[in-house]
Amino acid sequence: MSTLLSEQQVLRKLGIKDFRNLTKAKVIHLASMLDKMDPEVAKKALEQFPEFAKTTSEMLHEYKDTLDKSFSSNDESIRTVYDAYNSIIVSLQKELDKENIPFEERKYIIEQMKEIADKISDKDTENKRWLATMCAIAGIAITGLAAGLAAALGANTQAESTDSDDDIIDV
């Protein structure tokens with residue numbers, strides 16, 4: 001098992017003289033080290049930086065705003081793509097509605113419409129994958145920060161088994 005980081009090691013890794021000099025930019029770095037610190041060192045760091053919770057909250061709010069902007073931009077972009085595909089399908093449908101079109105041309109138009117429908121399906125799948133990835137990244141960031149803070153404050157973050165020896169059946 002590796003040894004826990006001392007106060008001096010943490011300060012050296014952060015490049016600061018004491019925890020009062022902790023900047024907003026270094027808060028995430030500190031949070032990522034909380035589980036590797038001696039619990040007393042982590043508590044001391046948090047005591048000397050009383051704005052930790054507020055700063056962390058601000059950073060998460062900024063992260064949420066960034067995600068919101070990304071989702072909004074994604075919505076606009078995907079809507080533009082769907083509108084373009086829709087206009088192509090409408091144009092093809094108008095051609096298909098004409099009376100004197102040979103069978104081969106009708107077949108070709110229908111194949112083109114099917115191809116557009118496949119592209120829409122692919123774009124939808126790609127978009128859902130992107131949304132899931134963004135949500136996963138946000139979840140990991142928030143969970144990691146919360147776990148680090150909980151570990152630093154001495155909370156028990158270990159999952160406990162509810163199994164007991166009485167539940168074991170000998171075969």
Side-chain angles (χ1 to χ4, degrees), residues 2 5 10 13-16 22-37 42 45-46 49-153 155-163:
S2 63
L5 297 173
V10 172
K13 284 184 180 268
L14 292 172
I16 56 177
L22 195 59
T23 64
K24 190 175 181 180
K26 296 195 185 226
V27 168
I28 293 294
H29 193 186
L30 173 67
S32 71
M33 294 189 311
L34 287 174
D35 64 331
K36 298 173 189 83
M37 288 184 210
L46 295 175
F49 189 62
E51 298 293 315
F52 182 81
K54 180 182 174 193
T55 301
T56 303
S57 176
E58 287 173 2
M59 292 172 71
L60 288 174
H61 183 73
E62 288 172 10
Y63 187 68
K64 181 194 172 297
D65 287 347
T66 300
L67 282 176
D68 288 345
K69 288 175 186 172
S70 295
F71 289 141
S72 177
S73 175
N74 179 61
D75 287 347
E76 188 177 316
S77 173
I78 202 77
R79 200 170 304 119
T80 301
V81 169
Y82 288 152
D83 287 347
Y85 285 148
N86 189 47
S87 72
I88 293 169
I89 287 177
V90 167
S91 295
L92 289 170
Q93 184 63 49
K94 285 179 182 176
E95 288 299 310
L96 201 56
D97 289 343
K98 292 180 180 176
E99 301 250 344
N100 298 331
I101 296 181
F103 174 77
E104 288 301 317
E105 194 172 332
R106 277 188 193 281
K107 182 179 171 187
Y108 176 76
I109 292 171
I110 291 170
E111 286 172 2
Q112 293 301 305
M113 291 172 81
K114 183 185 177 304
E115 191 175 308
I116 296 296
D118 289 343
K119 287 181 180 185
I120 291 171
S121 177
D122 291 346
K123 183 54 79 175
D124 184 56
T125 300
E126 174 188 322
N127 189 50
K128 286 177 181 168
R129 233 181 273 131
W130 181 83
L131 290 170
T133 300
M134 294 302 288
C135 290
I137 290 170
I140 290 168
I142 291 167
T143 302
L145 191 59
L149 186 56
L153 297 175
N156 182 3
T157 57
Q158 296 294 324
E160 294 182 21
S161 173
T162 57
D163 294 339

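Note that CD of Gln93 is 11.0 Å distant from CG of Asn86, once rounded to the nearest 0.5 Å. The CD1 atom of Ile88 lies 11.5 Å from the CG atom of Asp83; values are rounded to the nearest 0.5 Å. Of the inter-residue distances, the one linking Cys135 atom SG with Ile140 atom CD1 reads 11.5 Å to the nearest 0.5 angstrom. To the nearest 0.5 Å, atom OG1 of residue Thr133 and atom NZ of residue Lys128 are 14.0 Å apart. In this structure, Ile109 CD1 and Lys98 NZ are separated by 8.0 Å, a value rounded to the nearest 0.5 Å. Taking NZ of Lys123 as the reference point, atom OG of Ser77 lies at 6.5 Å (rounded to 0.5 Å).
Residues forming a salt bridge (Lys or Arg N to Asp or Glu O under 4.0 Å) with Asp122 (at least two apart in sequence, or on another chain): none. When the salt bridge (Lys or Arg N to Asp or Glu O under 4.0 Å) test is applied to Lys94, no partner is found at least two apart in sequence or on another chain. The salt bridge (Lys or Arg N to Asp or Glu O under 4.0 Å) search around Lys13 returns none, not counting sequence neighbours. For Asn127, the side-chain hydrogen bond (donor to acceptor under 3.5 Å, both in side chains) partners are Asn74, not counting sequence neighbours. By the salt bridge (Lys or Arg N to Asp or Glu O under 4.0 Å) test, Asp118 pairs with Lys114, sequence neighbours left out. Under the rule for a ring pair (Phe, Tyr, Trp, His ring centres under 6.0 Å), the partners of Phe71 that lie at least two apart in sequence or sit in another chain are Trp130.
Salt-bridge check for Asp65 with Lys69: failed, with every basic side-chain N at 4.0 Å or more from each acidic carboxylate O.
Here the closest heavy-atom approach between residue Tyr82 and residue Ile120 is recorded as CE2-CG2, 3.9 Å. Between Arg106 and Leu96 the shortest heavy-atom distance is NH1-O, 2.8 Å.
In terms of modelled atom types and a separation under 3.5 Å, the side chain of Ser72 and the main chain of Asp68 share no donor-acceptor contact. At distances below 3.5 Å, at least one donor-acceptor pair connects side-chain atoms of Thr80 with backbone N or O atoms of Glu76.
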